[in-house]
There are 2 protein chains.
Amino acid sequence: MQKAAGQLDVKSVKRDTLSSKVIDQIIHLLVSGQLKPGDKLPTEMDLQDMFQVSRPVLREAISSLETIGVVRRKTREGTFFTNKIWSKPYEIMLSLSSGNIRAIAETRMSQELGLVSLAAEKISDNDLHQLWENIGLMERQEGDYREFDKDFHRIIAYSASNSITEGIIDPLLNMFDDMFAGIPTENKDKRFTIEQHKQIYYALEKRDPIEAHLCMYRHLDHARNRLLESVQDEKNRKG
Amino acid sequence: MQKAAGQLDVKSVKRDTLSSKVIDQIIHLLVSGQLKPGDKLPTEMDLQDMFQVSRPVLREAISSLETIGVVRRKTREGTFFTNKIWSKPYEIMLSLSSGNIRAIAETRMSQELGLVSLAAEKISDNDLHQLWENIGLMERQEGDYREFDKDFHRIIAYSASNSITEGIIDPLLNMFDDMFAGIPTENKDKRFTIEQHKQIYYALEKRDPIEAHLCMYRHLDHARNRLLESVQDEKNRKG
DNA sequence: TAATTTTATTTGTCTTACAATTTGATTTAT
DNA sequence: ATAAATCAAATTGTAAGACAAATAAAATTA
């Protein structure tokens, strides 16, 4: 088999600590069907007995699973498997790309292009209605419209109803938006953005995954180019 | 602002434990530019001093960051920020969808459709060569060709060179493949799959994101339908 | 029956101690 | 002078025991 990046880097092989073994065993409760999303896990004391480890080791494992979004804990109430991965884990992951404009832009393109294809198949009439309303609100907005812009993309991403990967959208939109901080937007940008949003809306209305992808690709390609150009201008001004 | 799923679910708001605060502060070392991917973190003892917490709390935080893929640790050597997110974190996240055939199939579609669009822009001549070789190997394979099938998709996904999300592909391909376990593949399936792989290859060779998406969409739509039908047949046989 | 108080459950944080791994320094042998 | 063996040190890995905090549930009181 050809070498894959994930297999080449020895350092990425998971280290065999007790805590990581506990994680695998807890995950196995899901994979084997013994427990399912939403279910309550045994108490820390019970898990300690089951896995025969110390409490700090057990808590490291559970804290890790909470950070990655697979469990949630509440004092006195207990520990539960979640139903979906929320945004914080992705925010943490994406922090590795902090300041890396190209990486953030490309991650955004990759995720949104995939999600819009799925959204075209699954989008509800209510989501379509919300998209149309959002376009109207953005048109009428006098000042900063970027929050409406983000909402447009957010609605589409969540309409794909993907419980594992939808949580990536908010951190991505926020990081992308943060990179425009201090860079003025022009009115022609707004009109063009609205025009592109409408085209995406029409493609989604037709529930056409191919056309939705095409329109979204054009939109995000444009947004990426504007971002890279703005940052280049900023560097030229400061240079 | 319209309600977004991530904001509606109060339980997804991150709890304010000391360990989670330490995570935020460590992440801030990256976001603020004080440290960057690949850099070594201060020792556990130093971090304990910096953040004024106990060692178990500190270790819970670091274990969490290791599980989510943002740091790696080695006894005696120290703790380092990673350069990319590897597969294990995604495997853990995806375990929430264990047994959920539709969710896995849709996640795979979403991710691969996004990654192929990016790959069309970025793919190297070497990757193209590897894809063509893979098609040849798959054609000549007498028995089980599924490993070659996965390799084809793996090469494309990694050729997009996205350090944050590329790690999702291996667990996805494996989970998707596991669902075919016990379901026999027919020779006509193989010929059709090779045909579709070739079309994806040609689109990538042209470096055409729109066409690459279209071909990949057709391929994955077909694979998803075959999976759902096979599982339905299996249920009918057992029912 | 509703409000208040008490109890119990479970997670959250901490201190102290020792173990394990492995890198780097030192000593010894050739 | 160099290689091999041994030792010391640095840092992470694991554990026991204790107490705190949050809060759900039970018991008591009005």
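From a predicted model like this one, the values you see are computed outputs, not experimental measurements. Below, read A as the first sequence line, B as the second, and so on, with proteins coming before strands; counting in each chain starts at 1.
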H213(A) vs H213(B) aromatic rings, parallel, tilted or perpendicular, using cut-offs 30° and 60°?
parallel
Take the protein atom NZ of K21(B) and the nucleotide atom P of dC14(C), then report the distance between them rounded to whole Å.
10 Å
Is the closest side-chain donor-acceptor distance between Q141(B) and E147(B) under 3.5 Å?
no
What's the CZ-P distance between F80(B) and dT23(C), to the nearest Å?
10 Å
Which nucleotide, dA15(D), dT12(D), dT11(C), lies nearest any side-chain atom of E44(B)?
dT12(D)
Any residue in residues 35-43 of chain A with a heavy atom nearer than 4.0 angstrom to DNA chain C? Just list them by number, or reply none.
T43(A)
Protein-nucleotide distance (E77(A), atom CD; dT11(C), atom P), rounded to Å
10 Å
Report the C-alpha distance between R146(B) and D149(B) in whole Å, list the side-chain angles of each, state the deciding distance to 0.1 Å, and finish with yes or no for salt bridge (charged side-chain N to carboxylate O under 4.0 Å, His left out).
CA-CA 5 Å; R146(B) 285 184 303 175; D149(B) 193 339; over 6 Å; no
Would one find more than 12 heavy atoms of other residues, nucleotides or ligands at under 6.0 Å from atom NZ of K122(B)?
yes
Look at the side chain of T75(A) and decide which nucleotide, out of dA15(D), dA22(D), dT14(D), has an atom nearest to it.
dA22(D)
Looking only at N and O atoms, is any donor in the side chain of R55(B) or the base of dT13(C) less than 3.5 Å from an acceptor on the other one?
no
Rounding to a whole Å, what distance do you find between D16(B):CG and dA20(D):C1'?
17 Å
Euclidean distance, atom CG of residue L58(A) to atom P of dT13(C) [Å, nearest integer]
15 Å
Within the 3.5 Å criterion, strictly below it, is a donor on S63(B) or R73(B) matched to an acceptor on the partner's side chain?
yes
Kindly assign one of parallel, tilted or perpendicular to the pair H153(A) and H197(A), based on the angle between their ring planes and the thresholds 30° and 60°.
perpendicular
Can you figure out which of dT15(C), dA15(D), dT12(D) approaches the side chain of T79(B) most closely?
dT12(D)
Please report the distance, rounded to the nearest Å, between CD in Q48(A) and C1' in dT9(C).
15 Å
Indicate, yes or no, whether a donor-acceptor pair under 3.5 Å links the base of dT13(C) to the side chain of R59(A).
no
In whole angstroms, the gap separating P of dA16(D) from CD of E60(A) amounts to 14 Å
Closest to the side chain of R73(A), out of dA24(D), dT14(D), dT11(C), is dT11(C)
Can you tell me if S110(B) and N162(A) form a side-chain donor-acceptor pair at under 3.5 Å?
no
Between CD of Q52(B) and P of dT13(C) the distance, given in whole Å, is 15 Å
Which residue lies more 5' along DNA chain D, comparing V57(A) with R76(A) via nearest heavy atoms
V57(A)
Taking only side-chain N and O atoms of K74(B), does any of them lie within less than 4.0 angstrom of OP1 or OP2 on dG13(D)?
no
